[in-house]
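Please read all numbers here as calculations on a predicted model, not as lab measurements.
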Amino acid sequence: MAAADRDAPLELSGEDLDGKPVDLADLRGKPVVINVWWSECPPCRVEQPDLNEAAAELGDKVSFLGLNIRDSSAEKGLAFTRNFDVAYPSIYSPDGSALLSFAGTLNPRSIPSTVVLDSQGRVAASVQGRIPTTQTLLSLVDVVLGE
Amino acid sequence: MTQLDRRPSDDRQATALPPDLNARELARWSWRQLTSMRTALVLLLLLALAAIPGSVIPQEDVDSLAVSQWRDNHPRLAPIWDRLDLFSVYGSVWFSAIYILLMISLVGCIIPRLFVYARALRARPPRAPRNLSRLPEHTAYETDEDPEVVLARAAQALRRRRYRVALDEGADSVDAERGHLREAGNLVFHLAVIVVLVGVAVGSLFGYKGGVIMYNGADYGFSNNLTQYDDFAPGSLFDPAVMEPFSFSITDFDVDWITDGPRAGMARKFVAHLDYTTEPGAETRQYDLKVNHPLAIGGTEVFLIGHGYAPVITIRDGDGNIAQSGPTVFLPTNARTFESFGVVKAPDAQPTQIGLEGTFYPTFTMGKDADGKLTMPASAWGDALDPLVSLNVYTGDVGLDNGTSASVYVLDKSKAEQVTKPNGQPFRMDLRPGESVELPDGMGSVTFEGLERWNKIQISRTPGKLVALTGVVAALLGLLGSLFVRPRRLWVRARRRDDGTTLVEVARLDRSSGGDPETGRSELAAIVAALRQDREATP
């Protein structure tokens, strides 16, 4: 999505799986990759290593944020992040209310979904379902980084 | 439906295929068949018949769970049902075909009739037949007034009776007609049927219906977006952008169990107490959700359709970490005792994945056979008086790692291995709330912490609903009009006779069949009385 067509910056805050507060506003200035997941979703389990790889490759240039929306407890989410060595935090929102922030912009319609925000926090791109490859995500981020 | 009151011979003519039709005649013949009353009625009947499987066979968009259970129970029939679209009757080709044909038939029948009606409204009432005394309802009297005076008074009297009246200069009769509303009622009825069909179609094209199973408690909630639905059936032109951003949670759930009488054990009343907001940041409101008393938020309706138990089960893995906690939905397999089946998956347990599968008994009891010997464990009651969960344990791959979507209610055991006791018997644990069991081989432990409840909520948005409702009301009014309005013609003729007196003849023609002759006679008498009374009133 071209920079001129993007909607207002996304407002999103909550607590991560450890109960620490997370606010998207603190991540402005760099692109942000948001991944919507839950631990019993098979495609999420398949794509997590790809996301980890992308996060490692992009390093400090980009922030990553998970959005756990269906796990029955934060502990169950933590078991997943422990198991898959997920390096970035995830907002725990079992009722999915965090997703309502996306209403009207590119909506994460299915699990998993991945959304790329530009450095101002505006939705720039989204992938519905599993990201096909690490490279797909990297090239989406590259566009935003190049602006 | 070109003609409501037509003779059987007409139908026979319309049905018999005349010999040697060319393409154009065939087309015209087919069109006439399609738009005939008989075809429309047959189509309407077919539509009603076609809706029957929709209510007998579980429907994908209503209860996908029931469909998958049905599929499991009928492995041979299911593919055939699939091919016939019987799991989604209302979206099937054949149902749409009936629907569309019915629409075409109705439209094709109404449009010509509208023109006929418009012409009839503007047309002058037909002139009096030459011999009024031949009509079944007629009367006559003599007077010494001038015919012109009588006719003028007759015109006035008939106008007062809301007849449309024609009195030509120099004519010897007043021609009057009323009851056009019958045909209007007819047309309104037909149009209203179309409106209903369109309204229902709009609802199913642009609307959606989804279901979600929600835990009770303020910690759990639902937000209206696609990821939150367990099953979701959008219309083919549905746009997710129209989904209203409301959210709600079930703070409490009341159920009344009947404790005596023949229906003992059944649930009497369910109330789910909701806290809801219409959009993020809006104030929180309360609503008591009952069966058949939906909560309307904007154009969306929230229904309570079911309830059940969710045992809270914690799995600690071999490393001592919590691999699973929180409630898990168990689905009732017995609607009366709420004996329920469920699956708990801990795909991130270390060193090996753990899957639990088993039965939950709200009020645990051992069944007894006729001799009083203990048989199978069972649930005595739907209420949770003595809850117990009985679980088998699986390990290995619980079926979540191959990337294809899996049901949360089914444990894929194709790559999992059942945990057994040293003697080879399945390792089974029976847990009451608060109890814990260590799993063999250092796999970890399982704790039954307690019990939560869940509700099945259905959420639907049917944009054309009001249109359809308006259509139904209009159809009813139209039908009343077409049943109770009696179109009729009335003529008054006044002629000077040779002896100087005037003969006044009044005749009436009821154009609908089955009228009460008494009504006709009394109307005639009233008109004659009006004509004569008026005369007595004039000096």
Residue by residue, which of residues 61-71 of chain A have a heavy atom closer than 4.5 Å to a heavy atom belonging to chain B?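 Residues in range: I69(A), R70(A).
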
Which of residues 11-31 of chain A have a heavy atom under 4.5 Å from any heavy atom of chain B?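 When heavy atoms of chain B are the reference, residues 11-31 of chain A contributes no residue within the under-4.5 Å range.
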
Can I get a per-line list of side-chain donor-acceptor pairs under 3.5 Å for residues 295-313 of chain B, giving both atom names and the distance, sequence neighbours left out?
from    : atom 1 : to      : atom 2 : distance (Å)
T300(B) : OG1    : E244(B) : OE1    : 2.4
E301(B) : OE1    : K465(B) : NZ     : 2.4
E301(B) : OE2    : K465(B) : NZ     : 3.4
Y309(B) : OH     : G382(B) : O      : 2.6
Y309(B) : OH     : A384(B) : N      : 3.2
Y309(B) : OH     : R453(B) : NH2    : 3.2

Side chain, backbone, both or neither: which part of [X] has an atom under 4.5 Å from a heavy atom of chain A?
X	value
Q353(B)	side chain
Q350(B)	side chain
P280(B)	side chain

Kindly state whether the ring of F330(B) and the ring of W454(B) have centres lying under 6.0 angstrom apart.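 That pair fails the under 6.0 Å test.
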
When the aromatic ring centroids of F232(B) and Y208(B) are compared, is their separation below 6.0 Å? yes

Whether S72(A) side chain and S325(B) backbone form a donor-acceptor pair below 3.5 Å: yes

In terms of heavy-atom pairs under 4.5 Å with chain A, which of D401(B), V408(B), T314(B) leads? D401(B)

Output the option from A346(B), S249(B), A323(B), S247(B) having the highest count of non-hydrogen pairs under 4.5 Å with chain A.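 Of the candidates given, the most pairs with chain A belong to A323(B).
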
Is a donor from one side chain sitting under 3.5 angstrom from an acceptor on the other, for T277(B) and T284(B)?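 No pair is found: no donor N or O on one side chain lies under 3.5 Å from an acceptor on the other.
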
Is there a donor in the side chain of W37(A) and an acceptor in the side chain of S90(A), or the other way round, less than 3.5 Å apart?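 Side chains of W37(A) and S90(A): pair found under 3.5 Å.
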
Rounded to the nearest 0.5 Å, what separation is found between the [atom1] atom of [X] and the [atom2] atom of [Y]?
X	Y	atom1	atom2	answer
I354(B)	T395(B)	CD1	OG1	6.5 Å
L274(B)	L289(B)	CG	CG	5.0 Å
T251(B)	N216(B)	OG1	CG	8.5 Å

Heavy-atom neighbours of E435(B) CD exceed 12 at 6.0 Å: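 Correct, the count exceeds 12.
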
So, do W38(A) and K76(A) sit near enough that their side-chain heavy atoms are less than 4.5 Å apart? no

Would you please name every residue forming a ring pair (Phe, Tyr, Trp, His ring centres under 6.0 Å) with F222(B), sequence neighbours left out?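 With neighbours one apart ignored, the set is Y229(B), F248(B).
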
Examine whether an atom of R130(A) lies under 4.5 Å from a heavy atom of chain B, and if so say whether it belongs to the side chain, the backbone or both; otherwise answer neither. neither

